[in-house]
S.K.: 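This is the structure I want to talk about, given as structure tokens.
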Protein chains: 2
Amino acid sequence: MELTQRKRQILKVVVEDHIRTAEPVGSKTIAAEMTGKVSSATIRNELADLTEMGYLEQPHTSAGRIPSPKGYRFYVNELMESQALSEDERVRIDESLQLRGGEMDRMMTQAGKALSSIVNYPTYMATTRKRRLTVRRFDLLGVDGGNCIAVVMMSNDRVKSQLLQLQLDVTAEQLPILVNLLNTHFVNISVSEMSQKLMSVAEQIPPQLFLLLSQAVNYAAELLEEADKREIVTAGASQLLKIPEFRDADKAHDLMSFLADSKESLPVLDDGPMKILIGPENVDEALKDTSVIIASYDIGDDMRGLIGVVGPTRMDYATVAARLSGFAEGLTRMFGKNLPPKEDTEQ
Amino acid sequence: MELTQRKRQILKVVVEDHIRTAEPVGSKTIAAEMTGKVSSATIRNELADLTEMGYLEQPHTSAGRIPSPKGYRFYVNELMESQALSEDERVRIDESLQLRGGEMDRMMTQAGKALSSIVNYPTYMATTRKRRLTVRRFDLLGVDGGNCIAVVMMSNDRVKSQLLQLQLDVTAEQLPILVNLLNTHFVNISVSEMSQKLMSVAEQIPPQLFLLLSQAVNYAAELLEEADKREIVTAGASQLLKIPEFRDADKAHDLMSFLADSKESLPVLDDGPMKILIGPENVDEALKDTSVIIASYDIGDDMRGLIGVVGPTRMDYATVAARLSGFAEGLTRMFGKNLPPKEDTEQ
DNA sequence: TTTAGCACTCCGGGAGAAGGAGTGCTAAAC
DNA sequence: GTTTAGCACTCCTTCTCCCGGAGTGCTAAA
């Protein structure tokens, strides 16, 4: 059944009022805020309908109405006016994106904190890789003491290296042979192919060289796996305690430990630029009465980042969504130009 | 003025009872728990003395006594019996130290979480370097497209590398010259000496080579500075909400945002194996009514780690101290053997 | 010096009571 | 047929009052 225009307007007022005040909304308040002139009695009739249809709830008989998850969903889908960012907000976001570079996860934490202070809710950030990484190039550098440095350049132009400790001596002439072997057989293949290949060459070269070879290959495999792992960081959890819904220590505790210890089960965004999950739409029990808004951004051409906001179902969806997508765009911009030597030079 | 034996015993009972129950302790309770038989009236006289001397406080006239910071300090210095770890606890600690390796700060976070779940308070971890790092060895590897990989081995045997993007072509013959230059003039010196040296060689080599040289040196300098920076991570902040003292959302919020955003001003341990800071002994306003216990451990020969526990002044000092030092010893042991290729092979 | 006894203080919890916000229904007005 | 005024009713919240209990400090006796 369709909602009449007036019902829609009433629902909108209820949701927005409740978002603002965190209190149940009464018929009188609604009447005052409605543009079309109707009495509170009329509103009451409509409220009864909306409640029966499941868009609103009543904490107890003589209280006003609060939106149900279904009501919020309808609001988000149909009633919410998508907000433009104010100049102030835009400036604030741009400023907060002046992150100092460095390790990826440190940048993520910084960005998460920044967003958190912009939306006043906890946030989380994750990255996923668009393509599988491979090794593009190996090098081995001899060091005194029979040790050796392995240098691995990956398909995203990142270079990593580690000292390999060998018990045995490998002469200077043997290294180029190994390097050649590595660059012939172990580049541009997956981790599992690597280990197959490793077995197949095992008998073709002397054992002590094979030891070194396998160390180098294993190091590379570790790197690829490490880089492929989804990394999630959360920030701004303490913001929760300022929200009326979470002033109760036990409730806050549950959600905060979830954010700290079960990051992996935070919802993700499979496609599209943004997703909003309202209350029970979340699969995870701990998020059943929170809402989550997720947006994605690009980290160069190679990776995709995901940034989410966790708040009460009584979240200011319009504002948060606007700020979040502004922030995500800012991140895309930032990673587009600021990281040339690292991630975005895939060609 | 010295405390009589009986006063000491009473103080001990008050502190330990209050630690256990979080409630003010009355004279009758004390009398029941004292071994020497005295009446509650006698205890009351003693309590009055102890209060006047500043060891105890009275929330209001007709309440029992709680320890003052001075009282806790006396307890910690003189009365507390240092606990031995039970077999269970020892096993638990050892189990929790089965960290999967990886990046340093990820290990720190894991360890912090583990400790936090052992002591049931928030924790923080930091590292400091015992000696200044320098570069031990440079390498440059040519890549197609006029680019070049810089490989830097530091004095702690860590090897890092990055792709340097050059606009210009550097021929294969020129690289060894540069590498030689780097390994002659830029190893084993401090960052500031590096930039001096860089200026002094500026005119001795062709400009396009100098460009590459300076990129490599700057990369190394960044690495050293990055590695020298004190890194602090906190964990288990949500534990706070289970503590009666922090059930108040505002109090919890203040401390939690402090832990999240002002990590740098958490107290450190300059020497000695352990330090206990009680309430107002903390310089930072946010910690004025919390206590902090800090211990240190070794990360190989080269670095020192610091691990702290933040809790209410009504903390179980004996138990926490025992678990903390057990944990710190465990960390030292772990870093002593588990990280051979990384940090502990300084010779 | 210790202890029993006692009056006193103060907190915490429970019971009303008052106030207020909001509802649902009815009957009249539009 | 919709809308609205009016009104009784419900239920929450807040306040106050009161009481019981825990604990104290003091006094006087052991």
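As the structure is a computational prediction, the values presented were derived from the model and not from experiment. All chains are named by letter (A, B, ...) in the order of the sequence lines, taking the proteins before the strands, and each is independently numbered beginning at 1.
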S.K.: Checking only heavy atoms, does the side chain of A:R44 share a donor-acceptor pair with the base of D:dG6 at less than 3.5 Å?
M.R.: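 Yes, a donor-acceptor pair under 3.5 Å.
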
S.K.: Salt-bridged, B:E57 to B:R65, with N to O below 4.0 Å?
M.R.: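 No, B:E57 and B:R65 are not salt-bridged.
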
S.K.: Would you mind classifying the nucleic acid contact of A:S40 as base, sugar-phosphate or nothing, using non-hydrogen atoms under 4.0 angstrom?
M.R.: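 Touches nothing.
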
S.K.: Got a salt bridge between A:R20 and A:D316, using NZ or NE/NH1/NH2 to carboxylate O under 4.0 Å?
M.R.: no

S.K.: When the distance from NZ of B:K28 to P of C:dG5 is rounded to whole Å, what number comes out?
M.R.: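 Taking NZ of B:K28 and P of C:dG5, I get 13 Å after rounding.
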
S.K.: What is the separation between atom CD on B:E23 and atom P on C:dC11, rounded to the nearest whole Å?
M.R.: 14 Å

S.K.: Provide, to the nearest angstrom, the distance between the NZ atom belonging to A:K7 and the C1' atom belonging to D:dT3.
M.R.: 13 Å

S.K.: Measuring from the side chain of A:V38 (C-beta onward, heavy atoms only), which nucleotide among C:dG22, C:dT9, D:dT4 has the closest atom?
M.R.: D:dT4

S.K.: Within the structure shown, what part of the strands sits under 4.0 Å from B:A41 by heavy-atom distance: base, sugar-phosphate, or nothing?
M.R.: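 Base contact.
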
S.K.: Among the candidates D:dT10, D:dT4, D:dT24, find the nucleotide nearest to the side-chain atoms of A:S39.
M.R.: D:dT4

S.K.: Which nucleotide in the list C:dT23, D:dG25, C:dG22 gets nearest to the side chain of A:S27?
M.R.: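 The answer is C:dT23, which lies nearest to the side chain.
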
S.K.: Whole Å only: how far is the CG atom of A:L47 from the C1' atom of C:dA21?
M.R.: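 From A:L47 CG to C:dA21 C1': 14 Å.
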
S.K.: Looking only at the aromatic ring of each residue, does the gap between the centers of B:Y75 and B:Y55 stay below 6.0 angstrom?
M.R.: no

S.K.: Please assess A:M34 against A:V13 for the test side chain to side chain contact (heavy atoms under 4.5 Å, CB included), listing each intermediate value before the final yes or no.
M.R.: CA-CA 8 Å; A:M34 294 264 292; A:V13 170; 4.2 Å; yes

S.K.: Quickly work out the A:K37 NZ to D:dT3 C1' distance and round it to whole Å.
M.R.: 15 Å

S.K.: Looking at D:dT10, does its base get a donor-acceptor pair with the side chain of A:S62 below 3.5 Å?
M.R.: yes

S.K.: Just name whichever nucleotide pairs with D:dA28, Watson-Crick or G-U, keeping both distances under 3.5 Å, else none.
M.R.: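 Checking every strand shown, D:dA28 finds its partner in C:dT3, with both distances under 3.5 Å.
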
S.K.: Given B:E78, which of B:R8, B:K70, B:K12, B:K7 fulfils the salt bridge (charged side-chain N to carboxylate O under 4.0 Å, His left out) condition?
M.R.: B:R8

S.K.: Would you please confirm or rule out a distance under 4.0 Å between OP1 or OP2 of D:dT2 and any side-chain N or O of A:R6?
M.R.: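 Looking at the OP1 and OP2 atoms of D:dT2, neither is under 4.0 Å from any side-chain N or O of A:R6.
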
S.K.: Between B:T42 and B:P59, just flag the one whose closest nucleotide in DNA chain C comes earlier from the 5' side.
M.R.: B:T42

S.K.: To the nearest Å, how far apart are A:N45 CG and D:dT4 P?
M.R.: 10 Å

S.K.: Can you tell me how far P of D:dC11 sits from CZ of A:R65, to the nearest Å?
M.R.: 14 Å

S.K.: Atom CD1 of A:I66 to atom C1' of C:dG22: distance rounded to whole Å?
M.R.: 15 Å

S.K.: Can you tell which of C:dG22, D:dT24, D:dC12 lies closest to the side chain of A:H60?
M.R.: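 The answer is D:dC12, which lies nearest to the side chain.
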
S.K.: Students often get this wrong, so: under 4.0 angstrom with heavy atoms, is B:T61 touching a base, only sugar-phosphate, or nothing?
M.R.: sugar-phosphate

